[in-house]
Amino acid sequence: MKHNRCMNVTLGSSLLLGAVLVSSQSLAAGQITFVSQGGAYQEAQTVAILDPVAEALGITIHQDSAPDAWPMIRTQGTTGQAVWDVVDTPPFHCVRGGEQGLIEPLDFSRIPNAESMPDEYKTPYSVAYEFYSSVLAYNPDAFDGNPPQSWADFWNVEDFPGNRSLRNHPLGTLEAALMADGVPLDELYPLDVDRAFGKLEEIKPHITTWWTSGGQSAQLLYDGEVDMVMMWNGRVSAIIEEGASADFTYNEGILQNTHLCIIKGAPNLDTAIEFLNAAIDPEYQANLPLHIDYGPGNPAAFDTGKISDERAQELPSSPENAALQVLSSYDWWTSPEGEEAERRWLGFMQQ
């Protein structure tokens, strides 16, 4: 993983600039700990957003990685001993954390860059940061020109034989199961949980690996251990660039996004708010698709001129690709029904 360049203003440079003396307390505030999900995605955002924002704001950004940040959000928020500041995580973690007093409510008067974002891209506790998709990826060499193109194909073990892998998490996996069972995209929510788990029981004996991180899913396909797998689109693109025999379809993808939110009692709250506003600036947001196949969380990034029309068509959140997919509902996943589905998932995996 690439390390970001940190900007620290020394006393000498301050004198040269004619700046006033800075207290040790404010120097300490000129830093944050930022948490994301690792791998190619975190490397890309480091170059595209984190490094430029650190330089522009004159702050130090320490990084950590947590593919599943919720346990640490809960621990830090509950104990009141936060060590993280800003977390890049699925929005239902931010909403659930906010409702439980674990995430800071946002004062949007201090986040002017959020004004250009649609209401559905914001919650009282978070703002959209980037878009990605859970897609059906496969090894084209395994299918003689007839690869799976839908979740019904994924479930069809007779016509599409081969090793399969799904994510060990209900979000996206339940949606895929329902689409495999014939539920139209625009009728998925509220999810029919009983029907989804019934369909998952059918495919469970044929799943060789239930992956728990994006890196693991990529390695499975790269090494040829599986022939088809639910993956995040950027992970597939990364191994394709590395020469892997891999491809994917946006058809019936689950369009998702991550949000930025701030841990309750964050040690560097003011700097965290300043960072969050800068991180969704359209100019920085437009940098991300130049380094990885994820779409900007702030749609105003498409108006900066940095993202070509050709490149936009490759991104999961472009109008053409979004029309093939279902937008994940964080409202449903933070509802009591969604939380019960998560609890039920644990029992399903232990059977």
Side-chain angles (χ1 to χ4, degrees), residues 36-37 40-41 44-45 67 88-95 117-123 126-138 148-154 166-167 169-181 183-191 196 211 214 217-218 228-238 247-260 280 285-286 288-289 292-302 307 311-335 338 341:
S36 189
Q37 295 146 54
Y41 168 54
Q45 64 176 306
D88 169 11
T89 192
F92 71 96
H93 287 162
C94 300
V95 174
M117 301 172 69
D119 289 342
E120 58 266 30
Y121 289 8
K122 296 176 277 192
T123 80
S126 62
V127 290
Y129 184 50
E130 54 84 34
F131 279 93
Y132 64 100
S133 293
S134 291
V135 298
L136 172 52
Y138 54 85
Q149 292 294 297
S150 68
W151 293 113
D153 291 345
F154 186 98
L166 285 171
R167 186 186 180 196
H169 196 284
L171 196 154
T173 314
L174 295 189
E175 285 91 336
L178 290 170
M179 285 185 277
D181 207 35
V183 179
L185 273 66
D186 60 354
E187 298 178 14
L188 276 175
Y189 298 103
L191 299 185
W211 59 265
S217 69
M228 62 184 91
V229 53
M230 172 183 281
M231 281 180 69
W232 295 318
N233 69 283
R235 295 287 191 169
V236 194
S237 299
D247 205 347
F248 72 95
T249 177
Y250 277 122
N251 185 50
E252 296 187 349
I254 299 94
L255 184 60
Q256 298 160 258
N257 58 16
T258 65
H259 278 212
L260 296 182
I280 60 170
Q285 285 271 300
L288 186 64
I292 198 167
D293 289 350
Y294 293 145
N298 189 338
F302 287 108
I307 305 172
R311 181 58 176 149
Q313 293 171 7
E314 298 171 345
L315 301 176
S317 53
S318 71
E320 296 85 354
N321 292 328
L324 301 173
Q325 305 174 76
V326 59
L327 179 62
S328 179
S329 171
Y330 65 80
D331 285 337
W332 187 87
W333 280 105
T334 56
S335 71

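What's counted below: heavy atoms across the whole structure, side chains too, no hydrogens, waters or symmetry copies.
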Find the distance between [atom1] ([X]) and [atom2] ([Y]) and round it off to the nearest 0.5 Å.
X	Y	atom1	atom2	answer
Met228	Asp247	CE	CG	13.5 Å
Trp211	Arg235	CH2	CZ	8.5 Å
Leu171	Phe92	CG	CZ	5.0 Å
Tyr138	Thr249	OH	OG1	6.5 Å
Ser317	Gln325	OG	CD	9.0 Å
Leu188	Glu175	CG	CD	6.5 Å

Determine the interplanar angle of the Tyr129 and Tyr41 rings, folded into 0 to 90°, and report it as parallel if under 30°, tilted if 30 to 60°, perpendicular if over 60°.
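Ring orientation, 0 to 90° scale: perpendicular.
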
Parallel, tilted or perpendicular, as decided by the 30° and 60° cut-offs, for the rings of Tyr132 and Trp232:
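Perpendicular, since the angle between the ring planes exceeds 60°.
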
Taking all non-hydrogen atoms of both residues, which atom of [X] and which atom of [Y] are closest, and how far apart?
X	Y	value
Glu314	Asn321	C-ND2, 3.8 Å
Ala137	Met231	CB-SD, 4.0 Å
Ala322	Leu255	CB-CD2, 4.1 Å
Ala301	Ile307	O-CD1, 3.9 Å
Ser237	Phe248	OG-CE2, 4.0 Å
Gln256	Ser134	OE1-OG, 2.5 Å

Under 4.5 Å between any side-chain heavy atoms of [X] and [Y], yes or no?
X	Y	value
Ser217	Arg167	no
Met179	Val326	yes
Phe302	Leu315	yes
Tyr250	Val135	yes
Phe131	Leu327	yes
Thr173	Met230	yes
Ser150	Leu136	no
Asp293	Arg311	yes

Test your reading of the model: is there a side-chain donor-acceptor pair from Gln285 to the backbone of Gly297, 3.5 Å cut-off?
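Present.
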
Run the side-chain contact (heavy atoms from CB on, under 4.5 Å) test on Trp151 and Asp181 for me, step by step, so that the C-alpha distance in whole Å, both residues' side-chain angles and the decisive distance to 0.1 Å come before the verdict.
CA-CA 8 Å; Trp151 293 113; Asp181 207 35; over 6 Å; no

Can you find a side-chain donor-acceptor pair between Glu130 and Thr258 that sits under 3.5 Å?
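Indeed, the side chains of Glu130 and Thr258 share at least one donor-acceptor pair under 3.5 Å.
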
Could you check whether Tyr330 and Trp333 have their ring centres less than 6.0 Å apart?
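No; Tyr330 has its ring centre 6.0 Å or more from that of Trp333.
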
If we check side-chain contact (heavy atoms from CB on, under 4.5 Å) with Ile254, which of these qualifies: Ser133, Ser328, Pro316?
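When side-chain contact (heavy atoms from CB on, under 4.5 Å) is applied between Ile254 and each of Ser133, Ser328, Pro316, only Ser328 qualifies.
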
Of the options Asp88, Val95, Thr123, which is the one that meets His259 in a side-chain contact (heavy atoms from CB on, under 4.5 Å)?
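Answer to the side-chain contact (heavy atoms from CB on, under 4.5 Å) test with His259 among Asp88, Val95, Thr123: Thr123.
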
Apply side-chain contact (heavy atoms from CB on, under 4.5 Å) to residues Tyr189 and Asp331 and explain how you reach the verdict.
CA-CA 10 Å; Tyr189 298 103; Asp331 285 337; over 6 Å; no

